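For reference, the structure is listed below as structure tokens.
As the structure is a computational prediction, the values presented were derived from the model and not from experiment. We use all heavy atoms of the structure for the numbers below, so side chains are in, but hydrogens, waters and symmetry mates are not. Chain identifiers are assigned alphabetically (A, B, ...) following the order of the sequence lines, protein sequences preceding nucleic acid strands; residue numbering begins at 1 within each chain.
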Amino acid sequence: MTHEEKCIRPRNERTAPVKTPSQALFVRRLLRWYRRQGRSLPWRRTADPYRILVSEVMLQQTQVDRVLPKYREFLRRYPSIEALARARVGEVREVWYPLGYNVRPVRLWGIANEVVRRHEGRVPAERAALLGLKGIGPYTAGAVRAFAFRRRAAVVDTNVRRVLQRVFFGRARPDRQVWALAERLLPRHPYDFNQALMDFGALVCTARAPACARCPMASLCRSYDRFGRGPAGVRAVRAVRPERARPAAAPAPGRRAV
DNA sequence: GTCCCGATGT
DNA sequence: ACATCAGGAC
């Protein structure tokens, strides 16, 4: 057992889990980076759970730049969850175009109806209630809890998964390990931390050609070496794709780089 | 694991 | 033409 693993304590509901020194440093650096480099997005300037919910459903498998104009148009058309519930589902589908994955507007409309009918028009804040709504999975439930209700909920999307796997694991790990780490990292006020983590994955620790040269985590990142810029790396600076880092010669199962 | 969607970059 | 990309349901 390493020194850092000895620092780990079981999570308590009321108190924040103890972080290792590396984990604490990561959180501090991430929040500092976010204050300077974080994006200004419309769903970060509202406290309306309905608007947060709309943004998060739109953001499922869809990038920010494509969501931005449709987010504004959609809320102009359906300013409240009651307005969305009253609409014809076929019309909601048309408004949704061209975001894609067109089952999402149907499910969002269904969620609006469920919330109006069974939750008195209020988006639920409890994880179990959110997961009971078709169209809300682990990611969206965490996002609504953290961003709309300021709960201490982890948010693991493809960006967060990539960042944590690279920085702390150095290779692909099962989802439950990534979620457990994301929960351990959460500071007392998780809103900015979660937004920062996603911005960081979208702007610095990108899937292809990550910007290691301007990455504040380089000194504690377990993948820094892998991208050809390691401490001893006097060799050519190539931001290769991790999947390509190893030639076609049979990569070891379960050891794939992230 | 598989399917769902469409804009964008190479 | 083809890979890539802020998930979730089955």
Side-chain angles (χ1 to χ4, degrees), chain A residues 30 34 37-46 51-74 89-90 92-112 114 124 127-148 153-166 172 174-176 178-179 182 190-211 238-245 248 253-254 256-258:
Chain A
L30 182 68
Y34 181 66
Q37 313 285 337
R39 292 175 290 187
S40 176
L41 301 171
W43 45 86
R44 291 177 182 170
R45 295 192 289 269
T46 179
R51 290 179 172 244
I52 306 284
L53 174 65
V54 169
S55 74
E56 292 302 338
V57 173
M58 286 186 172
L59 286 164
Q60 292 169 3
Q61 294 283 273
T62 311
Q63 283 162 295
V64 166
D65 290 342
R66 293 188 56 207
V67 167
L68 278 171
K70 188 56 66 177
Y71 172 78
R72 300 181 188 283
E73 180 191 341
F74 193 92
V89 64
V92 178
R93 251 186 96 119
E94 290 169 18
V95 173
W96 192 263
Y97 184 86
L99 285 182
Y101 293 97
N102 296 322
V103 71
R104 292 185 294 167
V106 177
R107 290 184 175 144
L108 183 55
W109 177 86
I111 291 168
E114 281 289 286
R127 175 179 163 84
L130 286 165
L131 290 178
L133 299 167
K134 292 289 175 62
I136 296 186
Y139 165 77
T140 307
V144 168
R145 283 167 56 70
F147 301 143
V155 168
V156 177
D157 65 4
T158 178
N159 278 324
V160 173
R161 180 178 299 105
R162 182 178 59 252
V163 170
L164 296 185
Q165 287 184 156
R166 280 180 178 166
D175 261 13
R176 35 171 273 273
V178 179
W179 275 93
Y191 184 103
D192 281 351
F193 172 76
N194 283 330
Q195 295 284 6
L197 208 40
M198 293 194 281
D199 269 11
F200 190 74
L203 300 176
V204 178
C205 197
T206 51
R208 289 167 297 179
R238 287 173 34 221
V240 295
R241 294 184 51 189
E243 304 89 285
R244 303 236 196 190
R256 212 152 35 79
V258 292

Separation of A/Asp175 atom CG from C/dG8 atom P, in whole Å? 11 Å
To the nearest 0.5 Å, what is the distance between CG on A/Leu197 and CZ on A/Arg161? 11.5 Å
Integer-rounded Å distance: C/dA6 P and A/Phe193 CZ: 18 Å
Rounded to whole Å, how long is the line connecting atom CG of A/Leu203 with atom P of C/dC5? 15 Å
Do you know which two heavy atoms are closest between A/Tyr71 and A/Pro42, and how far apart they sit? CE2-CB, 3.7 Å
Under a 4.5 Å cut-off applied to non-hydrogen side-chain atoms, are A/Lys134 and A/Ile111 in contact? no
Does any residue of residues 60-68 of chain A have a heavy atom under 4.0 Å from DNA chain C, and if so, which ones, in number order? A/Gln60, A/Gln61, A/Thr62, A/Gln63, A/Val64
Interatomic distance, A/Leu53 CG vs C/dG7 P [rounded to whole Å]: 15 Å
Rounding to an integer number of angstrom, what distance separates B/dG9 and C/dA6 when you compare their P atoms? 15 Å
To the closest 0.5 Å, what do you measure between CZ (A/Phe147) and CG (A/Leu53)? 13.0 Å
Using heavy-atom distances to pick each residue's nearest nucleotide on DNA chain C, tell me which of A/Met198 and A/Gly135 is more 5'. A/Met198
Flag for A/Arg162-A/Thr206: side-chain donor and acceptor within less than 3.5 Å: no
What's the shortest heavy-atom distance between A/Ala141 and A/Ile136, and which atoms? N-CG2, 3.6 Å
Without decimals, in angstroms, what is the distance between A/Leu130 CG and C/dG7 C1'? 15 Å
At under 4.0 Å between heavy atoms, what does A/Leu133 touch on the DNA or RNA strands: base, sugar-phosphate, or nothing? sugar-phosphate
Nearest-Å distance for atom pair OH/P, residues A/Tyr71 and C/dA6: 20 Å
If I compare all heavy atoms of A/Ala143 with all of A/Ile52, which pair ends up nearest, and what's the gap? O-CG2, 4.5 Å
Rounded interatomic separation in angstrom, taking CZ from A/Arg162 and P from C/dC5: 7 Å
Listed in order of residue number, which residues of residues 95-106 of chain A have a non-hydrogen atom at under 4.0 Å from DNA chain C? A/Tyr101
Which whole number of Å gives the distance between the C1' atom of C/dC2 and that of B/dC5? 16 Å
Between C1' of B/dC5 and CG of A/Leu59, the distance in whole Å: 15 Å
With a 3.5 Å cut-off and no angle check, do the side chains of A/Gln195 and A/Arg44 form a donor-acceptor pair? yes
Any A/Thr140 side-chain nitrogen or oxygen under 4.0 Å from OP1 or OP2 of C/dG8: yes
Identify, with sequence neighbours excluded, every residue that meets side chain to side chain contact (heavy atoms under 4.5 Å, CB included) alongside A/Ala112. A/Ile81, A/Leu84, A/Ala85
